[in-house]
Amino acid sequence: MNELVSTYELGAHPATALLLGGLAAAVLRGRFASVALVLSPIFGLFHIYGLELGGISTLHVFGYEILGVSVDQQAKIFGYLFHIAALVAGIYSFHLRDPWQVSMALFYAATAVGVAFAGDMLALFLWWEGLAITSVFQIWGNKTKTAEDAGFRYLFFHVSSGLLLLAGVLIRYHGEGASALTLDSLTVALESGDSGAMLILLAIGIKAAFPGLHVWLKDGYAEATPTGPVWLCAFTTKCAVCMLARLFPGAEILITVGGVMAMFPIFYAVIENDLRRVLCYSKINQIGFMVVGIGIGTELAIDGAIAHAFTHVLYKGLLFMSMGAVLFRTGEIRGSHLGGLYKSMPWTTGFCIVGAASISAFPLFSGFVSKSIIITETARNGHSLVWLCLLFASAGVFHHAGIKIPFFAFFAHDSGKRPKEAPLNMLIAMGIASFLCIFLGCNPQWLYDLLPNGAMGYHPYDATHVITQLEILLFSALAFTLLNLWGKYPPELPSVNLDIDWIYRKVGRGFLGFGAYFWNGLNDLSHAIFVDGITHRVCTFAKSGQVHTVGLISSVFDSFGFSNATGSKSRQILKRRARLGLYPIGFTALLALLLLLAFLFASAKG
């Protein structure tokens, strides 16, 4: 018998507080909804803290068992991260009065928590699709045609990711049965050529913004509301990192993919004028470090990737918050139209500099204590070329995010703009994120103790790590300074930079053009044959059926030698009268006789 039964060994689901907060925010209005936006992550944090390792929660749906929750250390640290991010983003968005944005933001955070704690593939798929549906409202909330189009493109990528995940799970289930639904490592299956594992990796790769699949990120985030990227940067890609660490640790291909991710965005970011797009490219660059760490696959490298995901949410969120405040106050985000804002927005400028120092991995800031783990493990495991790429990427991110963002937004030339300082709620949110960036940079053991393997006794502040990183940063700063003095640094100009989505759009338009030519041509041909041809002739015959019948009978008489009675002239008269519904009495009697004979013949035969 079909039944729906749930078994909770943990009590409420880890995402319950966020889900209830989302429902409350959808019903409440004004400040009451904003209070729900802030309180629900706080209650959720306490709930995550109380979860015991090894706890599970199952759901029986129509004879199938779904492991909805499985608690381990990796799930808990991502649970902490997502609730902290939701709290900071909620404070930053406290001024919002759009119930769709507010409620969907909390639902979005809840789906991310659901992904982190998912116990099997079925639960993962449900939360995975939830990420796509709930997150797009942070883009559509801008309520412009450009944002609407970007939201649909964003949704296309992420729904495709869910379908690929489902396809991979079904292929593996067909081959291996129920064991394919577990969230055990798929690295061996991937490297042995398992098609299901490849599809699952591709599905995760879309959300992780793998090279060639990354355009949704810079396209969607840049068109979102001023608060939207603060939410978006915290959850989707970090869910992908979480699942890569769980399903594909040690997959060699990820080392190459991560190295490319860390490198190519640098060149786009240097020439990009839209400062939020610059942050999008630097985000891809930083995810590349995490992907490399997962690909290396040692316990310390995995810890480094997870630690970097944690710190990245804080400092990247801080940078997006500072740029969101600029956009909120000035209505402008292009570097060519900004500058000199430090005079009227000093607090925002200071917080942006903290975020820039963190993303650049300055010692005593959060980025240093996580990024150095990955770089160290890359060198230690013999990946010399990738290690050099990561060093170059470290210099590049300081160049385009650590210097370019604060310099062109707040300094550079004086744009003449004198906006108000950011609203109080935005300043509080930026202050909390800044404090965490500095606190974790100065006290890394607080973060390391939360990692699945405790960072294996790693110590970031030894002479080698500090000196190497300072050399990279100082030489990168020198290069930026000299290029500016010599007038060689790419100027901030109003422009549109072509990314790989140019190919997507050209191919898409070509496909639509071919489809229109082929299918419309086929439709025109079918219309000519069946509508204008056969159907038209049948309709013409049916409209003058009596005339054709009279003509047929006249022809029969002619064949029997009655041409004198039904000559051509007589036949024409008969057809003309038939059109008018006038028939000679004798002809009518003959037709009646024929019908009677046909009836008698049919009756006798029956």
Side-chain angles (χ1 to χ4, degrees), residues 255 258-267 269-270 278 281-293 296 300-301 303-305 307-308 311-312 315-316 319 352-408 411 437-438 440-444 447-448 455 458-486 488-490:
I255 300 175
V260 175
M261 289 180 71
M263 288 284 290
F264 87 87
I266 296 171
F267 304 100
V270 168
V278 173
Y281 282 118
S282 72
K283 180 180 175 68
I284 299 168
N285 159 275
Q286 294 297 291
I287 297 170
F289 282 84
M290 305 170 208
V291 173
V292 168
I296 292 171
L300 182 56
D303 275 2
H308 202 49
T311 60
H312 180 259
Y315 62 67
K316 184 54 58 110
L319 288 169
C352 181
I353 291 173
V354 172
S358 298
I359 195 173
S360 304
F362 267 94
L364 304 180
F365 289 87
S366 58
F368 176 77
V369 303
S370 56
K371 187 186 292 185
S372 61
I373 300 177
I374 300 171
I375 294 175
T376 299
E377 279 298 280
T378 303
R380 185 179 295 169
N381 285 273
H383 301 285
S384 301
L385 180 59
V386 178
W387 176 72
L388 290 173
C389 289
L390 295 185
L391 292 180
F392 177 81
S394 295
V397 75
F398 175 52
H399 203 268
H400 69 254
I403 298 177
K404 178 174 180 173
I405 292 293
F407 180 74
F408 285 106
F411 303 100
C437 286
I438 297 171
L440 292 178
C442 297
N443 302 277
L447 175 60
Y448 293 167
Y458 178 79
H459 297 287
Y461 289 108
D462 61 23
T464 302
H465 296 146
V466 174
I467 293 172
T468 301
Q469 186 63 18
L470 287 176
E471 287 176 343
I472 292 172
L473 296 173
L474 290 174
F475 278 107
S476 183
L478 178 63
F480 180 86
T481 303
L482 292 177
L483 288 173
N484 263 292
L485 291 175
W486 296 337
K488 300 296 184 181
Y489 191 83

Which heavy atom of [X] sits nearest to which heavy atom of [Y], and what is that distance?
X: Gly402; Y: Ala356; result: O-CB, 3.3 Å
X: Ile266; Y: Ala262; result: CD1-O, 3.7 Å
X: Cys442; Y: Leu364; result: SG-O, 3.8 Å
X: Gly259; Y: Val292; result: N-CG2, 3.5 Å
X: Leu473; Y: Ser360; result: CD2-O, 3.2 Å
X: Ile405; Y: Cys352; result: CG2-SG, 3.9 Å

Check whether any side-chain heavy atom of [X] sits under 4.5 Å from a side-chain heavy atom of [Y], and report yes or no.
X: Phe289; Y: Ser370; result: no
X: His459; Y: His465; result: no
X: Trp486; Y: Leu482; result: yes
X: Lys316; Y: Ser282; result: yes

Drop me the distance from [X]'s [atom1] to [Y]'s [atom2], to the nearest 0.5 angstrom.
X: Leu319; Y: Ile353; atom1: CG; atom2: CD1; result: 11.0 Å
X: His383; Y: Ile255; atom1: NE2; atom2: CD1; result: 3.5 Å
X: Thr481; Y: Leu474; atom1: OG1; atom2: CG; result: 10.5 Å

*Asp303: what forms a side-chain hydrogen bond (donor to acceptor under 3.5 Å, both in side chains) with it, not counting sequence neighbours?*
Asn453
What residues, two or more places apart in sequence or in another chain, satisfy side-chain contact (heavy atoms from CB on, under 4.5 Å) together with [X]?
X: Leu470; answer: Pro363, Val466
X: Thr468; answer: Thr464, Ile472
X: Ser366; answer: Thr311, Tyr315, Ser358, Cys437, Leu440

*Name all pairs fulfilling the salt bridge (Lys or Arg N to Asp or Glu O under 4.0 Å) condition that reach into residues 379-403, sequence neighbours left out, sorted by first residue then second.*
Glu377-Arg380
*asked:* Test side-chain contact (heavy atoms from CB on, under 4.5 Å) on Phe408 and Val278; report intermediate values, then the result.
replied: CA-CA 12 Å; Phe408 285 106; Val278 173; over 6 Å; no
Tabulate below the donor-acceptor pairs under 3.5 Å that side-chain atoms of residues 384-400 make, not counting sequence neighbours, or state none.
| from | atom 1 | to | atom 2 | distance (Å) |
| --- | --- | --- | --- | --- |
| Ser394 | OG | Leu390 | O | 2.9 |
| His400 | ND1 | Gly396 | O | 2.8 |

*Using a cut-off of 6.0 Å, state whether more than 12 heavy atoms not belonging to Tyr461 lie near its atom OH.*
yes
*State yes or no: are the ring centers of Phe267 and Tyr281 separated by less than 6.0 Å?*
no
*Step by step, work out the side-chain contact (heavy atoms from CB on, under 4.5 Å) result for His308 and Ile373.*
CA-CA 9 Å; His308 202 49; Ile373 300 177; over 6 Å; no
*asked:* Please determine whether side-chain contact (heavy atoms from CB on, under 4.5 Å) holds for the pair Gln286 and Lys371, giving the CA-CA distance in whole Å, both sets of side-chain angles, and the decisive distance to 0.1 Å.
replied: CA-CA 9 Å; Gln286 294 297 291; Lys371 187 186 292 185; 3.6 Å; yes
